[in-house]
Amino acid sequence: MGSLHCNVAASPSFSSTGSSGGSGGDNVVSRDGSVRIYACFAHGSNNSLECYEPGANTWRRVGALPGVPDGHILKGFAVVALGESVYVIGGRLCKRERGAAAGVYHDSDVSVRADVLRYDVRRGEWQHCAPLLLPRFDFACAPCWGRICVAGGQCSLSGARGTAAAEVYDEEKCQWSALPDMSTLRYKCVGVTWQGSFHVVGGFAESTLTAGDALLTPGTTVLQSSALERSSAEVFHCSRGTWEILPGMWQLDVPPNQIVAVANRLFSSGDCLNCWKGHVEVYDGELNIWSIWDHSALPDLSLLANLPSSAQRLYLTMAAVGTQLYFLAGYQVPSSNDSFRTVSLVHSFDTNAPPGLEPAWSSFQPKMEPDDIEDESKELFSQCCSVQLSS
């Protein structure tokens, strides 16, 4: 594993001159075997990067995350694709100890990380990259114009307070540059690139009231948190290098779970308390409203598969590939000797399916190598991202 020694620099704006052209969402266009979907899980006390290939319907473990000490796990980090690489960014390092009961663990916070790892999908190699300017976890992150944007998050283990700081990574220069601060402090926010701009949506947010506001003593600063801030989004216009506040874009007081862009539309399936709300929602930018997408309603995704009624969903994460939404899901099902095992399934929803002419939903049980068969519980610790390999 190589180590890159890089510099950091200030760059308040950028455009489509990066190494991966285009407006830079996390959607890829192909549906064949050249597409791979990556996510990070914890098996016991180890983080592992895993890969699902839609074309071959295979699911495999790539391996442990480098640099995470034994007996520790990483939480609150970002996994994002840029070109043919997967980046693992920031996060909260926790020490994990096994509890008295089987499958029960106790985690204690250790530190907030600025580390950045890059996995070369084609070569199967890891690299250390330039660290974040500001260590953070539970932040917004998305590729945009061939670069990686991050904003918000928490920078300290003490206190539940976000940051307004943002930065951008240039893969060619291997450096992070500071962006202008947002107008709000946010964490547990979601990042998505849409219509060429980096959107930081929802989260636990606070705005600053200064001495110019009524009823404040001169020289004082007060932080205000309300549904108005938590339901808003901040949009970074890359070419201008400026932020714009977008009130009511999320509309809920609970942070979103995940938002992806497909064919100039934004889709979501739930919030951080309920990652599947029984349907897929689509965002109308002109009306600034979310609505249920046609023929997406399904009370429980497990109904797509032949699972026992006692099956419980452990995790769910979503990736966009062409017009398809792929949901990587894990279910806990009874096993022998009064124990449980994890069954991994993939559900897909075709956003372009003609109403009434063909089913929009389908479900697959991926093929796994014997060493990758899951005989115990596992936890999802990142949202997934999709990678398009060139021919």
Side-chain angles (χ1 to χ4, degrees), residues 1 38-51 59-79 86-117 119 126 128 131-132 134-139 141 153-162 187-188 204 255 257 272-275 310-317 328-344 368 370-384:
M1 180 174 64
Y38 289 87
C40 281
F41 297 86
H43 297 264
S45 56
N46 295 293
N47 286 104
S48 174
L49 181 68
E50 303 192 10
C51 173
W59 190 317
R60 61 183 173 85
R61 294 188 195 181
V62 174
L65 297 184
V68 178
D70 290 340
H72 293 71
I73 59 169
L74 201 57
K75 298 181 178 182
F77 55 96
V79 173
V86 174
Y87 286 83
V88 178
I89 303 172
R92 173 167 53 103
L93 184 66
C94 301
K95 183 178 180 180
R96 169 159 284 194
E97 297 177 318
R98 186 181 294 271
V104 175
Y105 298 92
H106 302 292
D107 301 335
S108 55
D109 292 336
V110 175
S111 63
V112 182
R113 293 180 26 132
D115 303 60
V116 177
L117 295 168
Y119 177 72
W126 288 96
H128 284 293
L132 290 163
L134 191 65
R136 63 181 83 206
F137 65 96
D138 289 344
F139 55 93
C141 180
Q154 291 181 262
C155 303
S156 170
L157 297 174
S158 59
R161 175 145 293 161
Y187 70 97
K188 284 284 187 182
F204 297 112
N257 179 59
C272 69
L273 297 180
N274 185 9
C275 58
S310 58
Q312 296 184 359
R313 190 180 68 236
L314 297 175
Y315 59 83
L316 184 73
T317 181
L328 276 59
Y331 299 90
Q332 186 182 71
V333 299
S335 185
S336 59
N337 302 322
D338 297 325
S339 60
F340 294 89
R341 63 187 179 93
T342 298
V343 174
S344 293
M368 295 184 176
D371 291 344
D372 294 333
I373 299 297
E374 296 145 346
D375 56 0
E376 59 181 14
S377 179
K378 73 176 186 180
E379 302 167 83
L380 175 74
F381 278 130
S382 78
Q383 300 299 353
C384 61

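In this chain, residues are counted from 1 in sequence order.
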Q) Could you give the distance from CG (L157) to SG (C94), rounded to the nearest 0.5 Å? A) 8.0 Å

(Q) For a quick test of reading the model, state the closest non-hydrogen atom pair linking T317 to C384 and the distance between them. (A) OG1-N, 2.9 Å

Q.
Does L328 form a side-chain contact (heavy atoms from CB on, under 4.5 Å) with W59? I'd like the steps, not just the answer.
A. CA-CA 10 Å; L328 276 59; W59 190 317; 3.9 Å; yes

Q | Rounded distance [0.5 Å steps], CG in L134 versus CZ in F139 | A | 10.5 Å

Q: Please tell me if the side chains of L314 and L380 come closer than 4.5 Å, counting only heavy atoms from C-beta onward.
A: no

Q. When rounded to the nearest 0.5 angstrom, what distance separates SG in C272 from CZ in F204?
A. 5.5 Å

Q: Answer yes or no: is there a donor N or O on one side and an acceptor on the other, between the side chain of S45 and the main chain of R96, under 3.5 Å?
A: no

Q: Verify side-chain contact (heavy atoms from CB on, under 4.5 Å) between V88 and Y119, making sure each step is shown before the conclusion.
A: CA-CA 8 Å; V88 178; Y119 177 72; over 6 Å; no

Q.
Pair S344, M368 - check side-chain contact (heavy atoms from CB on, under 4.5 Å), show working.
A. CA-CA 10 Å; S344 293; M368 295 184 176; 3.7 Å; yes

(Q) Has Q154 got a side-chain atom pairing as donor or acceptor with K188's backbone, closer than 3.5 angstrom? (A) no

Q. Nearest 0.5 Å, what's the CZ-CZ distance between R113 and R136?
A. 15.5 Å

Q. Side chain of N47, backbone of L74: donor and acceptor closer than 3.5 Å?
A. yes

Q.
If we ignore hydrogens and angles and just use 3.5 Å, is the side chain of T342 paired with the main-chain N or O of G330 as donor and acceptor?
A. no

Q: Can you measure from NZ (K378) to CZ (R61) and round to the nearest 0.5 angstrom?
A: 7.0 Å

Q. Which heavy-atom pair separates R313 from Y331 by the least distance, and what is that distance?
A. CA-CD2, 3.7 Å

Q) Which pair of non-hydrogen atoms, one from C51 and one from Y38, has the smallest distance, and what is that distance? A) CB-CE2, 3.5 Å

Q.
Less than 4.5 Å apart, side chain to side chain, heavy atoms only: is that true for C40 and F77?
A. yes

Q) Taking C-beta and beyond as the side chain, do K75 and D107 meet within less than 4.5 Å on heavy atoms? A) yes

Q. Nearest heavy-atom pair of P69 and L93: which atoms, and what distance?
A. CD-CD1, 4.1 Å

Q: Kindly compute the distance separating SG (C275) from CD (Q383), expressed to the nearest 0.5 Å.
A: 8.5 Å

Q | L49 vs W126, side-chain contact (heavy atoms from CB on, under 4.5 Å): CA-CA, chis, key distance, verdict | A | CA-CA 11 Å; L49 181 68; W126 288 96; 3.7 Å; yes

Q.
Using every non-hydrogen atom in the two residues, find where Y187 and G162 come nearest and quote the distance to one decimal.
A. CD2-N, 3.6 Å

Q.
On a heavy-atom basis, which atom in L117 and which in P66 lie closest, and how many Å separate them?
A. CD1-O, 3.3 Å

